[in-house]
Amino acid sequence: MPKISINGKEIEFEKGMTVLQACELADVEIPRFCYHEKLSIAGNCRMCLVEMEKSAKPIASCAMPATEGMKIKTNTAFVEKARKGVMEFLLANHPLDCPVCDQGGECDLQDQSLYYGVDKSRFVENKRDVKEKYMGPLIKTQMTRCIHCTRCVRFATEVAGVPEIGAIGRGENMEITTYLEKSMKSELSANVIDLCPVGALTSKPYAFEARPWELNKTETIDVMDAVGSNVRVDTYNWEVKRVLPRLNNDINEEWISDKTRYSCDGLLKQRLDIPYIKINNKLQKSNWDEAIDLIVKKIKNLESNQIAGHVGDMTNIENALGFKKLFEIFNSKNLEFREKKFYINPDEKINYIFNTSIKGIEESDLVLLVGSNPRHEATMLNARLRKTYLQKKIKIYSFGDPGDLTYPYEIIGKKTDDIKKFINMESEFSKKFLSTKKPMIIIGESALELKSGKYIFEELKNFLRINNFVNNGWNALNILVQNASTVGLTDLKIFPNQKADFSFFDKLNKKEFKFLYLLGSDNLEIKKNGEFIVYQGSHGDKGAELADIILPSAAYTEQNGLYENLEGRIQECKKASYPIGEAKEDWKIFNMIIKKYGENEKVLKFESLRKESLDNVANFSEINELPKFNLTDTNKITTEFFSEDVQIKELNYYFSNSISRASKTMSECNHIRQKIKKTGTNN
């Protein structure tokens, strides 16, 4: 490997690295504003100046390729004077807004000016003023503070895939703006707030809420979708003030979706904080003893086959297992977690996870979408697809029309007949697919909901196995599930009789259930007709509207729990706050019912639930690690084909769960999106 000398110390570096990256290998910190590891190099802030032997002037280390034998110095008086000069120019027009700026305490400019700034300015000219720009309901602008690092411009163009931000004007008249002053249409737009090294772009919903040193910080995960993005939840007392991304290159890198970031204000609204009982068709405030007594009384007067339960989209594994154990006490097996009829084969782990892994997308050389819209169903996974497209220019194809994605794709069929031709090697695309080395097939829930859902999954899996695209080195079979709880609850076999048939839905439609227990379930379509419904959840959403009894429980930020993301990776969601009012953690509510039912010896313990949960997770390796496989041949399953359209169901992205539906910020985003659809503009 080539070597470079940094401050007299020889360092080996990889070919293609810049001087700045080589300095990082030597544990030498280089100040920077425009440079970012995940973005292209701009080289326009000049803060990263270093001294290079035989160079009369300092060099910008972020843009200078490192070469064999270079001698770099980063701590000389020459370098310090150069950086102080750059800082003086950066502060020439920067207002003294630190006391009122939301970036205060987390500002790169503030930090660097401490080391390289001077205590007075030599400029006598008036500071320039730039009017505020409109970038939507999420991003607050104060463009007078902007230092033109262009991080936001590069992010929007390269990562988000919506080139809506750019620079207009030249010289001192240059301004960063959305060209037509519209709201950014990307689901990743608010990441520019984290990227901005000054206070030019800050969070509009979080404006003037708190200072960073006042907040308690909890490293946890997101449950708004099945990706399991790593986040940090910041709380002030019990109140969640903001959610920020946490670096995890295997999953979300250092980005998060706008829904992940801004749904948190929904944790404060429409909360259930006390038990309710419906009397004379009106919900009346009650207490725990009265509510639990009524539930147990109802259950004891019913046959076990008349009792059913449905588990919601954000339920952790421990609580789901506790719910299953509760139903074992009731002697009922009528459990389900799916909100709609989509095909799942729970016999083998690879049948219901994203086997290639999110990071593995970058190794792929062809992607085939089958009834899937990754942009709305898994925003961070979609960002990885775009990244791979930009790096390798891979071809992306689709069965069905997913709409506007952030990369070019080709629709190769809109009917199940086209999929059948592909499987039977009767299309040109079949040959193209087989000519690749590491292809991927991503099957969405919209495809699995079709009458041909079983045929699509099983025959595509068989096609991949026959052609050796499912092996221990590369598995091209991927299921894109939409909910955070789906994979974990599939592992726990939350199905009637532990089979993934549709008997729960059939019995529900035939009104065979007399007692229905909804655990955080708000998206199940129910036409109530005489059933006694218990809703246990955190928000007064769709499930609570139908309920005869409401039991208030904790939201995902208010209790510890494990979740299994779409890759089959177990991650821990940590308690960042406390349940509101009289609300309790889910498993504690189950214990109250169990005790009242007279089964004291079967009382649940959280530690035991966690241990048993992990024992039930198929192919489990370690927490935060991908599952381990030793693939074996399986029997071919008989399927039935139906000729039908492959329609990708539109997901109401900003209103996908009870927390986001309670969020004022998500409501504003949804209003703007609907306005754009109708009029083509959001002005």
Side-chain angles (χ1 to χ4, degrees), residues 295 298-349 351-353 445 448-451 453-454 457-458 479 481-483 485-536 543 546 564 586 590 593-594 597 602 609 612-613 616-618 637-640:
I295 290 170
K298 286 284 182 184
I299 289 170
K300 285 187 173 179
N301 290 330
L302 293 171
E303 299 291 331
S304 59
N305 61 350
Q306 295 176 320
I307 302 167
H310 191 269
V311 185
D313 55 327
M314 294 186 289
T315 305
N316 63 48
I317 297 175
E318 293 95 337
N319 286 331
L321 181 62
F323 194 59
K324 187 176 181 181
K325 286 181 173 295
L326 179 66
F327 267 68
E328 286 172 1
I329 293 171
F330 299 158
N331 200 27
S332 171
K333 295 180 179 177
N334 296 316
L335 283 177
E336 182 59 81
F337 72 86
R338 289 171 292 181
E339 296 154 354
K340 53 212 173 189
K341 293 182 180 181
F342 67 87
Y343 177 75
I344 279 186
N345 179 352
D347 295 341
E348 192 180 9
K349 183 91 167 188
N351 293 343
Y352 50 90
I353 66 171
E445 288 185 12
L448 299 174
E449 278 185 69
L450 298 171
K451 286 193 290 182
K454 184 176 182 180
F457 173 76
E458 296 295 349
I479 306 300
V481 295
Q482 296 175 11
N483 294 338
S485 64
T486 298
V487 177
L489 302 194
T490 306
D491 270 334
L492 294 183
K493 301 284 192 293
I494 307 290
F495 305 113
N497 302 313
Q498 297 196 352
K499 292 180 181 177
D501 55 23
F502 300 129
S503 60
F504 176 91
F505 297 96
D506 296 336
K507 289 178 182 177
L508 185 65
N509 293 333
K510 291 175 183 175
K511 310 299 179 187
E512 292 184 21
F513 299 138
K514 302 297 181 187
F515 183 99
L516 186 59
Y517 197 147
L518 303 177
L519 177 61
S521 174
D522 293 289
N523 297 331
L524 180 67
E525 289 188 15
I526 309 169
K527 292 180 181 177
K528 189 175 179 181
N529 186 18
E531 302 97 337
F532 188 85
I533 297 179
V534 174
Y535 174 76
Q536 180 174 320
L546 300 165
E564 193 170 359
D586 289 305
F590 303 151
I593 297 172
I594 291 168
Y597 203 78
K602 295 182 180 178
L609 285 174
E612 191 174 341
S613 299
N616 283 324
V617 171
I637 294 174
T638 305
T639 60
E640 189 176 357

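Residue numbers run from 1 in the order of the sequence given.
A salt bridge links Lys341 to Asp506: at least one charged side-chain nitrogen sits closer than 4.0 Å to a carboxylate oxygen.
There is a side-chain donor-acceptor pair under 3.5 Å between Asn319 and Asn316. Side-chain contact check for Glu458 and Asn345: at least one donor-acceptor pair (N or O, by modelled atom type) lies under 3.5 Å. Inspection of the Ser503 and Asp501 side chains reveals an N or O donor paired with an N or O acceptor under 3.5 Å. Glu339 and Asn483 form a side-chain donor-acceptor contact under 3.5 Å, judged by distance and modelled atom types alone.
Checked against ring-ring contact (aromatic ring centres under 6.0 Å, His included), Phe502 has no partners two or more places apart in sequence or in another chain. For Ser521, the side-chain hydrogen bond (donor to acceptor under 3.5 Å, both in side chains) partners at least two apart in sequence or on another chain are His310.
Ring geometry for Phe495 versus Phe337: interplanar angle of 30 to 60°, hence tilted. Between Phe323 and Phe590, the ring planes are tilted. Angles from 30° to 60° get that label.
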For ring-ring contact (aromatic ring centres under 6.0 Å, His included), just list the numbers for Phe513 and Phe504, CA-CA rounded to whole Å, side-chain angles, deciding distance to a tenth of an Å, and then say yes or no.
CA-CA 9 Å; Phe513 299 138; Phe504 176 91; 5.5 Å; yes
Between Asp586 and Gln536, does the side chain to side chain donor-acceptor pair (under 3.5 Å) criterion hold? Intermediate values first, please.
CA-CA 8 Å; Asp586 289 305; Gln536 180 174 320; 2.8 Å; yes
Chi angles and distances behind the side chain to side chain donor-acceptor pair (under 3.5 Å) call for Tyr343, Glu449
CA-CA 6 Å; Tyr343 177 75; Glu449 278 185 69; over 6 Å; no
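A cation-pi geometry, defined here as NZ or CZ lying under 6.0 Å from the six-membered ring centre and within 45° of its normal, does not hold between Lys514 and Phe532.
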